[in-house]
Engineer: 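This is the structure I want to talk about, given as structure tokens.
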Protein chains: 2
Amino acid sequence: MPRRGPNNGGDKRDRILRAAVKIFSRNGFFNSKVSEIARASGVADGTIYLYFKNKDDLLISLFEEKMGEVVADVRRRLAAGGSAIDKLRIFIENHMDLLERESGLVEVIMVELRQSTKFLKDYTPVKFFEYLEVISDILEEGKREGAIRPDLNVSVARRAIFGALDELCLTYVLSGKRKYHPSVTAAEVCRLLLEGLCVPGADVGKG
Amino acid sequence: MPRRGPNNGGDKRDRILRAAVKIFSRNGFFNSKVSEIARASGVADGTIYLYFKNKDDLLISLFEEKMGEVVADVRRRLAAGGSAIDKLRIFIENHMDLLERESGLVEVIMVELRQSTKFLKDYTPVKFFEYLEVISDILEEGKREGAIRPDLNVSVARRAIFGALDELCLTYVLSGKRKYHPSVTAAEVCRLLLEGLCVPGADVGKG
DNA sequence: CTCCGATGAATGAATCTCCATTCACTCAAG
DNA sequence: CTTGAGTGAATGGAGATTCATTCATCGGAG
């Protein structure tokens, strides 16, 4: 009884997505076979095409749906309140911590999103932009509170912050997760971003 | 006379590499055909295999040799002297400026290097590490001069700096080079890195 | 209640396309 | 004549996608 019948339990689509995360993160999109994903999700090759238009669509759905969960989750954590600086800290810690909770997903996003954003025609990474929005929101709030420089260019800063975190996650993953534990790194980056590289009060030659 | 004969002028290998940069940056590694690169470099398909072991090797050679030139070039610019802070500024401006001078190369490195570092067995991006070394050297020098916080974790900071720059370059490229001119962005990032996000003297709640 | 045809989810072998790589051959130069 | 760089058509393998087929389930008829 548990094997056949239409839409056996309704979890097939999700099983496929989860398997895709695993396979894509292990081999990369181009080196992953649809048949591998089928095997890993306990489904026939053809079944994947009942739920996704094609291999590209599988990857895009993965980005949007899983990234959507990540955005919703971090928004929930931030809603708890606190100052903008607190929130930035929470955001950063949460980002680095994703590596432990959802390492496969983070790896796929880090490594494949660029490729896809650049080469897949008519794909806009909507949920990824939302993630960047979360950073903007925090920075703007910080300005209002007077904690963050009012002349900060938020749209450059949010990219810089994301880029820094992303690169550090990548380092962690590529090192076989041996160097720089996420929580240690998070603290270090927080300080770098908040205080900068210089010794307090040093003349930096503005301009 | 100019068409036939062994190693016609000795520039074939370089023509192939240059064409590869163009094609890979346009289509991505996996969507590029070896025959396209052959056509673009005015060479037969088989000729490519006289100079490179296979398609992967072509990409790796491209990374190492072109990146090597980039490293040598930035080192030359930095040798001029100045304070560590000046040098960091030069480094950042140079990095962002590469997008104008060598956009194809920068795009290939940004988009393909991650894939390759992660999935190509036994490939260590030596020249890329050297590029990171350049940042470390500047930061260490800054510590010695007393301009940079002595407790800064250099190996986290250099990755964060690279990541920030890389992401900003990517944004510029993906926006069709319409948003955030490199030189403007460079100035903004410099300030972010040197002074941080906060208003001077603000309490950040260290620890 | 039982039987039967309709439905459509699921399957996975077969197909179809694509492309990296090879290699038998060409020919300029020494 | 010999050498070997260069060629590009042919090959072989891979893997995305298709589709004819299977079978659990369901609803209506008897």
Side-chain angles (χ1 to χ4, degrees), chain A residues 1-62 108 112 115-116 119-121 123, chain B residues 1-24 26-63 108 112 115-116 119-121 123:
Chain A
M1 181 251 285
R3 259 295 87 108
R4 283 310 176 95
N7 196 9
N8 165 47
D11 64 337
K12 279 222 167 63
R13 188 189 152 89
D14 203 58
R15 290 217 321 267
I16 295 170
L17 275 181
R18 266 201 298 275
V21 170
K22 192 192 313 183
I23 302 294
F24 286 158
S25 70
R26 181 180 304 154
N27 307 328
F29 178 73
F30 288 102
N31 298 312
S32 299
K33 300 172 224 177
V34 171
S35 62
E36 259 184 305
I37 295 170
R39 185 153 17 93
S41 42
V43 139
D45 296 15
T47 305
I48 291 183
Y49 292 86
L50 296 177
Y51 293 95
F52 303 95
K53 197 146 48 65
N54 50 38
K55 195 184 172 189
D56 283 1
D57 182 49
L58 177 53
L59 181 66
I60 292 176
S61 303
L62 184 164
V108 175
E112 311 297 336
Q115 279 272 353
S116 309
F119 299 116
L120 288 186
K121 299 304 167 203
Y123 165 52
Chain B
M1 180 253 286
R3 258 299 83 113
R4 283 307 178 95
N7 195 7
N8 164 46
D11 63 337
K12 279 224 167 59
R13 188 188 152 90
D14 203 57
R15 291 220 316 268
I16 295 169
L17 275 181
R18 265 202 297 276
V21 170
K22 192 193 313 184
I23 302 294
F24 287 158
R26 181 179 304 154
N27 307 328
F29 178 74
F30 288 103
N31 297 312
S32 299
K33 300 173 227 177
V34 172
S35 62
E36 260 184 304
I37 295 170
R39 185 152 20 91
S41 43
V43 139
D45 295 15
T47 305
I48 290 183
Y49 292 86
L50 296 177
Y51 293 95
F52 303 94
K53 198 146 50 64
N54 51 37
K55 195 184 171 188
D56 283 1
D57 182 49
L58 176 53
L59 182 65
I60 292 175
S61 304
L62 184 165
F63 283 149
V108 174
E112 310 297 335
Q115 280 272 353
S116 309
F119 299 116
L120 289 185
K121 300 300 168 206
Y123 164 53

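Each chain gets a letter, A, B and so on, in the order its sequence line appears, and its residues count up from 1. Note that the coordinates shown come from a computational prediction; the quantities given were computed from them, not determined experimentally.
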Engineer: If you look at every heavy atom in A:Ile37 and A:Ile16, which pair is closest and at what distance?
Structural biologist: CG2-O, 4.0 Å
Engineer: Which nucleotide in the list D:dT7, C:dA20, D:dA16 gets nearest to the side chain of B:Val43?
Structural biologist: D:dT7
Engineer: Is the backbone of A:Asp57 close enough, under 3.5 Å, to the side chain of A:Asn54 for a donor and an acceptor to pair up by distance?
Structural biologist: yes
Engineer: From the set C:dA13, C:dA10, C:dT21, return the single nucleotide nearest to any side-chain atom of B:Asp45.
Structural biologist: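 Nearest to the side-chain atoms of B:Asp45, counting from C-beta on, is C:dT21.
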Engineer: Go nucleotide by nucleotide along DNA chain D from the 5' end; which of A:Asn31 and A:Gly46 gets its closest nucleotide reached first?
Structural biologist: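 Its nearest nucleotide being more 5', the pick is A:Asn31.
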Engineer: In whole angstrom, give the distance that lies between atom CG of A:Leu50 and atom C1' of D:dT21.
Structural biologist: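 Interatomic distance, CG of A:Leu50 to C1' of D:dT21: 14 Å.
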Engineer: When you measure from the side-chain N and O atoms of B:Ser35 to the phosphate of C:dC19, is any distance below 4.0 Å, counting only OP1 and OP2?
Structural biologist: no
Engineer: Take atom CZ of A:Phe24 and atom C1' of D:dG15, then tell me their distance rounded to the nearest Å.
Structural biologist: 13 Å
Engineer: Between P on D:dA16 and CZ on A:Phe29, what's the gap in Å once rounded to a whole number?
Structural biologist: 8 Å
Engineer: If every non-hydrogen atom of B:Glu112 is compared with every non-hydrogen atom of A:Phe119, which pair is closest and at what distance?
Structural biologist: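 Smallest heavy-atom distance, with atoms named: OE2-CE1, 3.9 Å.
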Engineer: Would you mind reading off the distance between A:Phe52 atom CZ and D:dT18 atom P, rounded to a whole angstrom?
Structural biologist: 16 Å
Engineer: Within this structure, what is the NZ-to-C1' distance between A:Lys33 and D:dG13, rounded to whole angstrom?
Structural biologist: 11 Å
Engineer: Look at the side chain of A:Val34 and decide which nucleotide, out of D:dT7, D:dA16, C:dT11, has an atom nearest to it.
Structural biologist: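 Of all the options, the side chain of A:Val34 is nearest to D:dA16.
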Engineer: So, is B:Lys12 near the phosphate of D:dG6, with a side-chain N or O under 4.0 Å from OP1 or OP2?
Structural biologist: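 For D:dG6, OP1 or OP2 has a side-chain N or O of B:Lys12 closer than 4.0 Å.
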Engineer: Tell me if a side-chain donor or acceptor on A:Ser32 pairs with a main-chain N or O of A:Gly28 at a distance below 3.5 Å.
Structural biologist: yes
Engineer: In whole angstroms, how far is the P atom of C:dC19 from the CD1 atom of B:Ile23?
Structural biologist: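 Distance check: B:Ile23 CD1 to C:dC19 P gives 13 Å.
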Engineer: Figure out the CD1/P separation between A:Ile48 and C:dT11, and round it to whole Å.
Structural biologist: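 Taking CD1 of A:Ile48 and P of C:dT11, I get 10 Å after rounding.
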Engineer: Is it the case that B:Lys55 places NZ or CZ above or below the six-membered ring of B:Phe29, under 6.0 angstrom from the centre and within 45 degrees of the axis?
Structural biologist: yes
Engineer: Examine D:dG6: is either OP1 or OP2 under 4.0 Å from a nitrogen or oxygen in the side chain of B:Tyr51? Give yes or no.
Structural biologist: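 Answer yes for this pair, as a side-chain N or O of B:Tyr51 is under 4.0 Å from OP1 or OP2.
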Engineer: Separation of A:Ile16 atom CD1 from C:dA9 atom P, in whole Å?
Structural biologist: 13 Å
